[in-house]
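What follows is one structure encoded as structure tokens, with my remarks underneath.
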Amino acid sequence: MKKIWTLLFALTTVLLAGCQGDQNCLEPISSDSISQDVYNDLQREWDSWNLLSRESKMFSSHLPGYCQRSFDDWAECETFLGFFIPNPVEECTWLEQATYVAMPAGFMDAPRIQASWYGTEDAHVEWISVQSGYRNGDIRVTIDATLYGDPADTKPSDSGWGIEIERQNYLKQVDDSQLQISSETTNEYFSNTAYQAYGNILYCFRVIGDPDARSQVEDTLDQVIAAFSEEFSQSA
């Protein structure tokens with residue numbers, strides 16, 4: 001990570017207004033900003049679940065209230081959801097657009113963009129997550145952007161949702177660092193994962209390569225962070 005600490009400082013400075021401590025970080029998204037399309041899908045999901053017999057529900061592995069949609073590009077997803085989610089790497093010419101899990105386009109017919117959300121039967125959306133994937137040669141990049149429907153302090157820290165656990169873990173460490181980075185090395189891959197909140201959006205950047213591609217993984221993460229830093233500095 002030759003430039004990572006410089007970029008960390010720059011990004012933190014730019015984003016500090018959007019996430020100053022726990023009290024202003026990751027505020028809930030307004031229910032009015034969410035499109036009717038999202039609520040319509042949620043209603044259909046619960047209607048389908050309620051049509052099942054009691055026995056079918058008992059043996060089903062399906063989670064009622066959980067919805068998914070696939071899209072061809074990020075802008076199409078934004079239109080469906082009803083609000084803007086900044087993602088500058090969608091336009092980066094040095095990255096190849098890939099499936100949402102960063103496999104080559106067309107791999108197993110996987111979509112480019114995947115949105116998922118969970119809502120209660122009374123139409124309260126608890127969270128919305130959007131994931132996209134890219135490739136820098138053999139280096140895989142995924143971008144996750146998550147928004148929440150409730151304040152963090154009203155949710156249990158041991159929530160069964162991994163998405164909520166990620167928010168709680170981020171907020172516990174936010175006073176130490178706005179940009180939180182971790183690395184993992186196995187016999188099969190080397191990866192860097194970075195979390196960064198901007199306003200009410202929690203971003204997760206994952207960059208993965210072969211075990212001997214550490215420098216390429218780190219350089220790619222540097223470039224991803226730089227792209228977001230530039231995007232947010234222009235909108236600040």
For Phe228 together with Tyr203, are the ring centres under 6.0 Å from each other?
yes
Spatial distance of atom CD (Gln180) from atom CD (Gln173) [nearest 0.5 Å]
4.5 Å
Out of Val224, Val217, Val89, which residue meets the side chain to side chain contact (heavy atoms under 4.5 Å, CB included) rule with Val141?
Val224
Spacing of CZ belonging to Arg140 relative to CG belonging to Asp210, to within rounding of 0.5 Å
10.5 Å
Quick check: is Tyr100 connected to Leu81 through a chain of hydrophobic side chains (ILVMFWY, heavy atoms under 4.5 Å apart)?
no
Arg112 and Asp73 ion-paired at < 4.0 Å
no
In plain terms, say whether Arg44 and Asp47 are close enough for a salt bridge, that is, a side-chain N and a carboxylate O under 4.0 Å apart.
no
How many angstroms lie between CG in Leu221 and CG in Asn136, if you round to the nearest 0.5 Å?
11.5 Å
In terms of side-chain heavy atoms, does Tyr189 have a donor or acceptor partner in Glu184 at a distance below 3.5 Å?
yes
Regarding Arg206 and Glu166, does a basic nitrogen lie under 4.0 Å from an acidic carboxylate oxygen?
yes
Around atom CG of Asp122, are there more than 12 heavy atoms of other residues, nucleotides or ligands at under 6.0 Å?
yes
Rounded distance [0.5 Å steps], SG in Cys204 versus CD in Gln196:
11.5 Å
